[in-house]
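Accompanying notes for the structure given below.
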Amino acid sequence: MLNDVEKCICKEILVHLNDEDLHSLASTSSNRVVDTYNRKDAEKAILAFTQSIDEFFKRRKISKDVLLKYVFSKGLSVPRNADKDGLVAHIIKSLLTESSQDKGVKSPRENVLDKQSNAASPNRKAVVPSTDCSFPKLDEAFHHQDKKVTPEKVQYVQSVFNYSPTNIIINVNMNHSASASMTHSDQQNAEAFVRWFYEMINSYNPTFSKIVHDFGPQHFWDNAQLFLSMNSRDSKIEDIVCGNCHVANRLLQFCTESHLLFSPNASTEGVKTRSDPHGLKLILVCGTLHKMNSCVGVFQQSFGLVKEPMSPDVWKVKVTCLKMDEDSAMMVPRLTDCEDIQALEGHTIKVLEQSLVHS
């Protein structure tokens, strides 16, 4: 039978199954003895009839995609080119093995309960800007150990951030024409998106004591791209990340491994948006970066969103450019003061334009 830790992990994985697959798995697990009519009963039946964690992972419904979503929801790194067996081994090594060791390491369930308790505590310290604005170990905090940045990549990323508006011609209607004019509703939606996006990734920061939100590759198109530029007083790191899984994982690493917090200026001074009739949307945002109780830098980010054709109300990120700089940030940044925001905007529009041409 499953122990408490294994039940907790299985239950968390089952969250990522749709209703049809969940009920199908409940029927298979119980040899069609039990009929289930809601998700709670289905999960209960699966856990009750599953004899071991190995049996659970061997179920066809526990697919590679389901395990990928679970790994991202836990803020774990993802092995490159991992198949289902590799993901299972990674989960067991990262969660089950650690939880079974008697070294004071808490189980996944205990960590969740601790987070909920801390979030509700009135004595929890808020993360606020500080006048002591040192940028602790930027190279360690921002460097992605698994990535090797080639000179070709650096040159291409530099071309993105050195962009001039005269370098490209925008054929889609995302310029300053009437068809792309921003409405009050557009601005409100953009500000809501900004708050929603950064609240999700910040929830994975263990120092923030927030209940973890469901952030992962499902928010990005399969061929999504992330362009990174990270600058300290002593170094500069630039990279390109491709693929929805890798993009989501790279963004999460800033919170899960570097313990950074993104504080966007979610106002008309910090958020700008444009859209066009073809289902494309551009959102620009700036804000501050925090670590523990110190303000350690500023960031500028662009999002190129494309509407899901089968779900008109669903938008996914096609491209995002993120520039992070070590800065004392004595004032809340505004887009009008961001020197590179025009470069991010131009490149994002160019990628969106290309996606429209090839769709």
Side-chain angles (χ1 to χ4, degrees), residues 16 63-73 76-84 86-87 144 146-150 152-161 163 167-174 193 196-197 200-201 214-230 238-254 273-285 301-323 343-359:
H16 300 285
S63 64
K64 176 185 174 180
D65 289 343
V66 169
L67 294 178
L68 274 174
K69 291 179 181 179
Y70 171 71
V71 167
F72 276 109
S73 74
L76 301 175
S77 60
V78 176
R80 290 183 178 277
N81 302 320
D83 56 11
K84 179 180 176 179
L87 287 172
H144 186 9
D146 295 332
K147 283 281 185 182
K148 292 184 179 180
V149 184
T150 64
E152 292 79 9
K153 275 190 176 183
V154 171
Q155 183 178 6
Y156 181 58
V157 177
Q158 286 176 341
S159 70
V160 172
F161 290 98
Y163 159 83
N167 291 342
I168 64 172
I169 300 174
I170 306 300
N171 294 322
V172 296
N173 294 321
M174 294 189 67
F193 168 85
W196 167 78
F197 184 87
M200 276 198 302
I201 61 174
D214 186 17
F215 177 83
Q218 67 272 19
H219 301 304
F220 301 84
W221 288 95
D222 291 344
N223 58 350
Q225 297 179 76
L226 165 64
F227 296 84
L228 282 174
S229 177
M230 298 165 282
E238 296 180 315
D239 200 3
I240 305 171
V241 183
C242 300
N244 57 347
C245 291
H246 294 299
V247 170
N249 189 41
R250 187 66 184 97
L251 290 171
L252 276 183
Q253 283 180 330
F254 290 123
T273 184
R274 285 199 241 161
S275 59
D276 88 324
H278 302 286
L280 309 179
K281 188 180 292 289
L282 169 73
I283 295 178
L284 307 173
V285 60
Q301 189 163 10
S302 64
F303 297 92
L305 305 171
V306 178
K307 184 181 295 186
E308 173 68 60
M310 304 303 295
S311 303
D313 296 330
V314 176
W315 300 73
K316 292 183 180 181
V317 179
K318 187 79 168 181
V319 58
T320 178
C321 301
L322 174 59
K323 188 173 189 293
L344 273 65
E345 178 181 9
H347 183 70
T348 304
I349 292 176
K350 185 176 182 179
V351 174
L352 287 177
E353 178 192 50
Q354 292 171 347
S355 71
L356 181 64
V357 171
H358 295 101
S359 61

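Being a predicted model, the structure only gives us computed values, none of them experimental.
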Notebook entry, point to check: Are side-chain heavy atoms of L305 and F193 found at a separation under 4.5 Å?
Noted result: yes

Next item on the list: Step by step, work out the side chain to side chain contact (heavy atoms under 4.5 Å, CB included) result for F254 and M230.
Entry: CA-CA 11 Å; F254 290 123; M230 298 165 282; 3.7 Å; yes

Notebook entry, point to check: Should I283 and S302 count as side-chain neighbours, where that means a heavy-atom distance under 4.5 Å?
Noted result: no

Next item on the list: Applying side-chain contact (heavy atoms from CB on, under 4.5 Å), name anything that partners W221, two or more places apart in sequence or on another chain.
Entry: N223, V306, E308, P309, K316, K318

Item checked: Nearest heavy atoms of P217 and A248, plus distance in Å -> N-CB, 3.8 Å

Checklist line | Partner residues of H16 under the side-chain contact (heavy atoms from CB on, under 4.5 Å) criterion, sequence neighbours left out | finding: V66, K69, Y70, S73, D214

Notebook entry, point to check: When rounded to the nearest 0.5 angstrom, what distance separates CG in D239 from CG in L322?
Noted result: 11.5 Å

Next item on the list: Answer with yes or no after comparing the ring centroid distance for H219 and W315 against a 6.0 Å cut-off, counting only values under it.
Entry: no

Note to self: Please check this pair: side chain of T273 against backbone of L282, looking for a donor-acceptor N/O pair closer than 3.5 Å.
What the structure shows: yes

Next item on the list: Can you measure from NE2 (H347) to CD (Q225) and round to the nearest 0.5 angstrom?
Entry: 6.5 Å

Check: Counting N and O atoms only, with roles assigned by atom type, does the side chain of S275 sit under 3.5 Å from a partner on the main chain of L280, one being a donor and the other an acceptor?
Finding: no

Notebook entry, point to check: Taking C-beta and beyond as the side chain, do L67 and K84 meet within less than 4.5 Å on heavy atoms?
Noted result: yes

Checklist line | Within-4.5 Å side-chain heavy-atom neighbours: I240 and L226 | finding: no

Notebook entry, point to check: Looking only at heavy atoms, which two atoms of T348 and L344 are closest? And how far apart?
Noted result: OG1-O, 2.7 Å

Next item on the list: To the nearest 0.5 angstrom, please state how far the NZ atom of K281 sits from the CZ atom of R274.
Entry: 12.5 Å

Note to self: So L68 and L87, do their side chains get closer than 4.5 Å, heavy atoms only?
What the structure shows: yes

Item checked: V314 and K307, any side-chain heavy atoms less than 4.5 Å apart -> no

Check: Under 4.5 Å between any side-chain heavy atoms of T320 and Q301, yes or no?
Finding: yes

Note to self: Quick check: do V285 and F303 have side-chain heavy atoms less than 4.5 Å from each other?
What the structure shows: yes

